[in-house]
Structures are given as C-alpha cells and as structure tokens.
Protein chains: 2
Amino acid sequence: MLQTVRKAASVLRLFTPQQPEWGVSEVAATLDIPKSGAHALLRTLAAEGLLQRTGTGRYRLGWTLFELSQTLLDSSSLLRAARPIMERLVAGWGETTHLAVLVDGQVLYVEKLQGDRALEIVLSGVGKRLPAHCSGVGKVLLAHQPWENVLRIVETNGLVSFTPNTITTVEQLRQELERVRQQGFAYDQEEVMVGLCCAAAPIRDESGQVIAAMSLSVPAYRFYPNQQRLTTAIVDAARRVSEELGYYQEDWVWGSSRQSKSRSSGLATSVRT
Amino acid sequence: MLQTVRKAASVLRLFTPQQPEWGVSEVAATLDIPKSGAHALLRTLAAEGLLQRTGTGRYRLGWTLFELSQTLLDSSSLLRAARPIMERLVAGWGETTHLAVLVDGQVLYVEKLQGDRALEIVLSGVGKRLPAHCSGVGKVLLAHQPWENVLRIVETNGLVSFTPNTITTVEQLRQELERVRQQGFAYDQEEVMVGLCCAAAPIRDESGQVIAAMSLSVPAYRFYPNQQRLTTAIVDAARRVSEELGYYQEDWVWGSSRQSKSRSSGLATSVRT
DNA sequence: CGAGGTGTTTCGGATAACCGAACACAAGAG
DNA sequence: CTCTTGTGTTCGGTTATCCGAAACACCTCG
C-alpha cells in the first residue's frame with residue numbers, strides 16, 4: 001500500500017547521526033533502487049522541506065522535521081507532564097531517569113535526566129533507539145502490547161544478547177512480560193549492561209492505554225539494597241504522570257475499556273491506597 | 001514528480017498544535033482527495049511511524065518525527081554552536097534573542113531565549129512559523145536568497161501587513177533586502193508588532209552560505225537609544241556562531257561568493273587572528 | 001429503530017511511477 | 001592536459017500502481 005510513501009520513509013530513516021548526509025548514488029545503492037528513482041525521492045522530499053540540499057548536491061534532514069517534532073511535543077502532553085516529575089525524582093535520588101516510548105518495536109528515548117551521583121549511561125540518549133527486550137522501559141512497553149505484536153517484533157529484531165542476564169528466548173520473554181503486566185512494573189537486572197539496574201513503570205493516557213514508560217536507573221550495588229523503595233518511587237512517579245494525562249486508576253475501568261480484540265491484560269489489580 | 005510523496009507531506013503538514021488530530025474524512029475533505037486515498041496515506045504514514053493511530057481511528061503525529069528531529073539537531077551544529085552565545089547575549093542585555101531558519105519561504109524559529117527584562121513575544125516561539133518579509137531574521141534570510149526565489153515566495157504568501165511599518169510592496173522589499181545584504185544586518189522597526197524592534201544578523205556555514213539568522217528583540221523605547229550598540233552586539237554574536245561553524249570572514253569573499261554555480265567560496269582560507 | 005456520520009474495503013481503468021540508458025559535470029589520476 | 005570515474009541529472013516508453021466511486025461495516029445519536 002502506497003509503496004512510494006513507504007520508500008520515502010525509508011529514505012528518511014537512512015539519515016542518522018553517524019551518516020547525516022546522503023547523495024543520490026549512495027541512497028540508490030543502499031536501498032537497491034535505480035538512481036533515477038532515488039533522485040526523484042530526494043528531490044521531492046527536499047521540495048517538501050523534509051530534506052534540504054547542500055551545495056554539492058547532497059542531502060540532509062530538513063527543518064520541517066524539527067517543526068513537526070515541535071508540533072508533536074506541543075500537542076502531546078506527555079513530555080510536559082513528565083518532566084517536572086522526573087526532575088523531582090532525580091533531585092531526590094541523584095540517579096538517572098528515562099522516559100521512553102515504543103516505536104516500530106524498539107524503545108525510543110524521549111527524555112533523559114541525569115542525577116549528580118549517577119553513572120554515565122552511554123547507550124541511552126534522547127532520540128536514540130534500543131531493542132525493547134532488554135531494559136526496564138522496553139519490557140514495560142512490550143508487556144502492554146498484544147502478544148502477537150511482540151512475536152512479530154521478536155521475529156524481526158531477534159533477541160540480541162548484551163549481558164549474561166539478557167533475555168534470549170521467547171519463552172523467557174513471555175513469562176517475564178506476563179509478570180511485568182501483572183505486577184505493574186519491571187526490573188532490569190544488568191540485562192543491558194553489567195553493573196546497571198533499573199526499575200520501570202508504565203504511563204497511561206486518559207483512555208488507559210500505555211503510551212510510555214519511565215525508569216530509574218541505578219548502579220547494581222545501590223539497586224538491591226533499595227529495591228523496594230525504588231519500585232514504589234518509580235511506580236508512584238509514573239502514576240502521577242498518568243494522572244496528569246487524565247488517567248484515573250479505577251478498578252472497573254480495567255474490565256470495560258479494552259479495545260477490539262485484546263480481552264487480555266485485564267485483571268491488573270492495583271491497590272490504590 | 002512523485003506526487004504521492006508530495007501528498008503525504010501535505011498530510012503531515014495538516015497536523016498543527018491547533019488541530020493535532022485528524023480523521024480520514026477530515027483529511028479527505030481538506031485536501032480534496034477521495035476518502036480511500038486519504039485512508040491509504042494515513043495508513044502507510046502510520047505504518048512508517050510518521051503518524052500514530054489513536055484508539056478511535058484518528059491519527060496524530062508519530063514519534064519517528066521526534067527521532068528524526070533529534071538526528072537533525074544532532075548532525076547540524078547550528079543549535080549547539082548558537083545556544084551558548086545566545087545565552088551570553090541574553091545574560092548581557094536581558095532582552096530576548098531568536099534563532100531562525102528559512103523553510104518554504106517562511107521564518108521558522110529554532111530557538112528563543114527570553115531575558116529577565118524582556119517583554120513576552122507571543123508571536124514567535126520554537127517550532128512556530130512567521131512570514132519572512134517582516135521581522136529582522138526574516139529580512140536577513142530573504143536578503144541572502146536569489147531574488148527570483150524571493151519573488152516566488154512573495155507571490156505565494158503575499159506581503160501581509162501587521163503594523164503601519166510593515167513592508168507591503170515588492171519595491172520596498174527589494175530596496176530593503178539590498179540594503180540588508182550590503183550592510184550585513186537588518187532592523188525590524190515595529191514592522192511585526194507596534195512597540196517591538198529588533199536587530200538581526202546572518203549566520204553562515206563553512207561554505208559561506210547563510211543558513212540561519214539571529215536577532216535581539218527589544219522594546220522600541222529601548223531600541224533607538226541603543227541602536228548602535230545593539231547592532232554591533234548581534235552582528236558580533238552571529239559572526240562568532242559562524243566561526244564556530246567553520247566560516248571565517250574574509251573581505252574578498254563578499255564580492256565573489258554569490259550562489260548558483262558558486263565556483264567561489266572555495267578558497268576560504270583563514271588566518272584566524 | 002433509522003439516519004447520518006465515521007473508517008474500511010473492493011476493483012477496474014487511467015495515470016503516475018518505475019526503469020534503463022544517455023547526458024552534463026566535477027574531481028582525480030596518469 | 002586528457003582521460004577516467006565518479007557524481008547528479010534528464011528523458012521517454014512500459015508497466016504496475018495508485019486513483020476514484022461506490023458499496024460495506026460500524027458507531028453514535030436522535
């Protein structure tokens with residue numbers, strides 16, 4: 001369906017911080033399309049402001065994308081609601097918090113605040129992606145997806161192993177996601193980087209859908225002694241963001257407001273004090 | 001050329017802070033295309049992550065745009081180079097500075113820092129657009145465009161009048177742009193809002209091309225007494241950003257480095273003093 | 001219950017996008 | 001200086017793709 005648009009999107013996705021500039025031939029070779037086609041794509045994308053031409057006939061991303069992104073941020077209250085709460089979290093713990101969404105089966109980091117006694121986490125970064133099967137936010141986000149989606153994602157991306165603790169089998173993942181969904185939060189126990197743990201919790205919009213996840217990352221040696229307090233802290237923070245977005249945790253909401261197929265994910269209790 | 005891509009871009013442009021959510025029928029009616037076409041466009045854009053579906057079958061902008069925007073900001077050193085200099089400017093003057101680029105014939109504000117004794121400028125805002133023929137940054141950016149481009153822009157957007165001082169005729173504009181280009185900076189003397197003035201200067205990349213403009217906005221009653229100092233301040237700040245981007249001002253560059261073939265701009269040596 | 005509004009699907013026909021090859025141009029090596 | 005090799009760009013004929021109207025399924029509301 002609309003393969004031309006699909007190709008155009010593929011072209012956009014080529015542009016990365018590592019290679020922010022592309023020429024016609026490079027694009028044609030990389031996407032395995034004739035040069036004339038690549039030319040047409042680049043030219044129209046540039047005419048629409050999604051790309052811009054440099055003097056030498058090469059292309060880079062255009063400022064229209066910045067504009068659209070601002071519109072997105074402006075219309076989505078997620079970041080606006082989460083930031084102050086994340087700041088308080090960082091101030092209180094001195095650790096690092098992440099805010100992430102699921103895009104195309106991967107975790108996209110939307111915000112990252114670093115505490116003063118936190119260790120540098122190089123892997124994550126605003127605007128960066130990581131696989132979802134590791135990391136706390138990733139597991140939270142996957143846990144609230146229909147299982148068939150998760151399967152499709154896993155089949156596409158595989159279960160890449162980062163540390164000995166990384167989940168590498170579908171069965172492990174299924175069990176873990178089930179637990180995460182039921183308990184309402186996830187841990188990352190050195191699954192993406194040795195020595196790094198985190199606790200993560202889901203953020204819901206007014207319809208109850210999980211649209212993002214928040215996490216508090218701490219070094220392993222500080223994680224286990226404070227696991228309980230960490231958990232309640234991140235769960236509470238995420239709940240506050242959800243409430244800011246118009247979601248109010250009511251028992252009966254859970255049973256009724258499910259869309260279409262997913263009768264699952266139903267019984268997720270919650271002892272709101 | 002690639003009208004499908006063009007339509008897809010039009011769809012993306014529909015999404016604004018004022019109306020961040022669109023349905024199939026609305027899109028079809030607004031763009032005057034059949035419903036099935038709009039459906040296909042929205043569906044594929046959503047599949048590519050440029051849009052996302054809400055539960056009710058409506059669409060909003062997708063997080064991929066955020067990702068692309070971050071890639072853009074990361075790969076373009078403009079914002080990174082300009083921000084500290086803008087901060088110093090704001091700290092010194094207490095006024096408001098803007099950083100803007102030209103996109104599709106309009107001024108797109110990329111950054112805005114407000115000083116403590118500055119007045120609130122509602123019109124401008126990060127990610128917002130304004131016409132280019134008013135405002136200092138707009139005139140700077142237009143002044144360094146080929147005149148034919150300027151004409152096309154004016155024919156498309158018109159010369160909307162905001163105040164009695166707004167430029168409203170092509171001849172006025174031509175003269176003003178000529179002056180701006182020669183003197184290397186522009187003033188906005190209450191042309192967009194009564195009581196608001198600004199001085200603006202161009203920012204160049206390493207090839208000498210003007211890629212952005214910076215401005216210092218002040219209330220009219222503080223503008224005229226300090227006009228000279230303001231001018232040197234903004235010109236100097238913009239020059240520093242340009243140098244940060246790899247541009248070194250040489251006298252003879254000015255005469256030769258006009259666009260089109262640009263056989264020039266090559267020998268941009270540079271004995272940094 | 002029915003009317004009006006959604007989003008979604010279908011399918012033949014016309015259109016728009018593909019493709020290969022040829023062109024112009026730049027840079028670099030011999 | 002020339003030839004080579006790489007660019008980006010242009011041009012039509014062929015073909016598959018996308019357009020478009022209408023019919024469908026669904027929901028909300030009167």
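The figures here come from the full heavy-atom set of this structure, side chains too, leaving out hydrogens, waters and symmetry mates. Below, chain A is the first sequence line, B the second, and so on; all start at residue 1.
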Open item on the list: Classify A/R53 by what it touches in the nucleic acid, base, sugar-phosphate, or nothing, heavy-atom distance under 4.0 Å.
Closed with: sugar-phosphate
- [ ] Please work out if A/G37 contacts a base, only the sugar-phosphate, or nothing of the nucleic acid, heavy-atom cut-off 4.0 Å.
- [x] nothing
Task: Selected nucleotide, minimal atom distance to B/P34 side chain, candidates D/dA21, C/dA16, C/dA21 - done: D/dA21
TODO: Would you mind reading off the distance between B/L42 atom CG and C/dT8 atom P, rounded to a whole angstrom?
DONE: 9 Å
- [ ] Using atom CD1 of B/I33 as one end and atom P of D/dC19 as the other, report the distance to the nearest whole Å.
- [x] 8 Å
TODO: Mind checking A/L2 for me? I need base, sugar-phosphate or nothing, with any heavy atom below 4.0 Å counting as a touch.
DONE: sugar-phosphate
Open item on the list: Please compare B/Q3 and A/K35 by the position of their nearest nucleotide in DNA chain D and report the one closer to 5'.
Closed with: A/K35
- [ ] From the options C/dA17, D/dT9, C/dT8, select the nucleotide whose nearest atom is closest to the side chain of B/H39.
- [x] C/dT8
Task: Interatomic distance where CH2 belongs to B/W22 and C1' belongs to C/dG7 [whole Å] - done: 17 Å
Open item on the list: If I compare all heavy atoms of A/R53 with all of A/Y59, which pair ends up nearest, and what's the gap?
Closed with: CG-CE2, 3.1 Å
- [ ] Using only side-chain N and O atoms of B/T4, determine if any of them is under 4.0 Å from OP1 or OP2 of C/dA17.
- [x] yes
- [ ] State, to 0.1 Å, how close B/V140 and B/A200 come at their nearest heavy-atom pair, and which atoms those are.
- [x] CG2-O, 3.7 Å
- [ ] State which of C/dG7, C/dC18, D/dA21 makes the closest approach to the side chain of B/S36.
- [x] D/dA21
TODO: Check step by step if side-chain contact (heavy atoms from CB on, under 4.5 Å) holds for B/N149 and B/R152.
DONE: CA-CA 5 Å; B/N149 274 21; B/R152 198 173 37 71; 3.8 Å; yes
TODO: Would you kindly give the CG-to-C1' distance between A/L41 and C/dA17, to the nearest whole Å?
DONE: 10 Å
- [ ] Name the nucleic acid region contacted by B/R58, choosing base, sugar-phosphate or nothing; use a 4.0 angstrom heavy-atom cut-off, strictly under.
- [x] nothing
TODO: Take atom CE of B/M1 and atom P of D/dT9, then tell me their distance rounded to the nearest Å.
DONE: 11 Å
Open item on the list: Any side-chain N or O of B/R43 below 4.0 angstrom from OP1/OP2 of C/dT9?
Closed with: yes
Open item on the list: Is there a side-chain contact between B/K7 and the phosphate of D/dC19, meaning an N or O under 4.0 Å from OP1 or OP2?
Closed with: yes
Task: A/E243 and A/R240 ion-paired at < 4.0 Å - done: no
TODO: Please check the phosphate of D/dG8 (OP1 and OP2 only) for any side-chain N or O of A/S25 closer than 4.0 Å.
DONE: yes
TODO: Grab the two heavy atoms, one from B/L108 and one from B/R129, that are nearest each other, plus how far apart they are.
DONE: CD1-CG, 4.0 Å
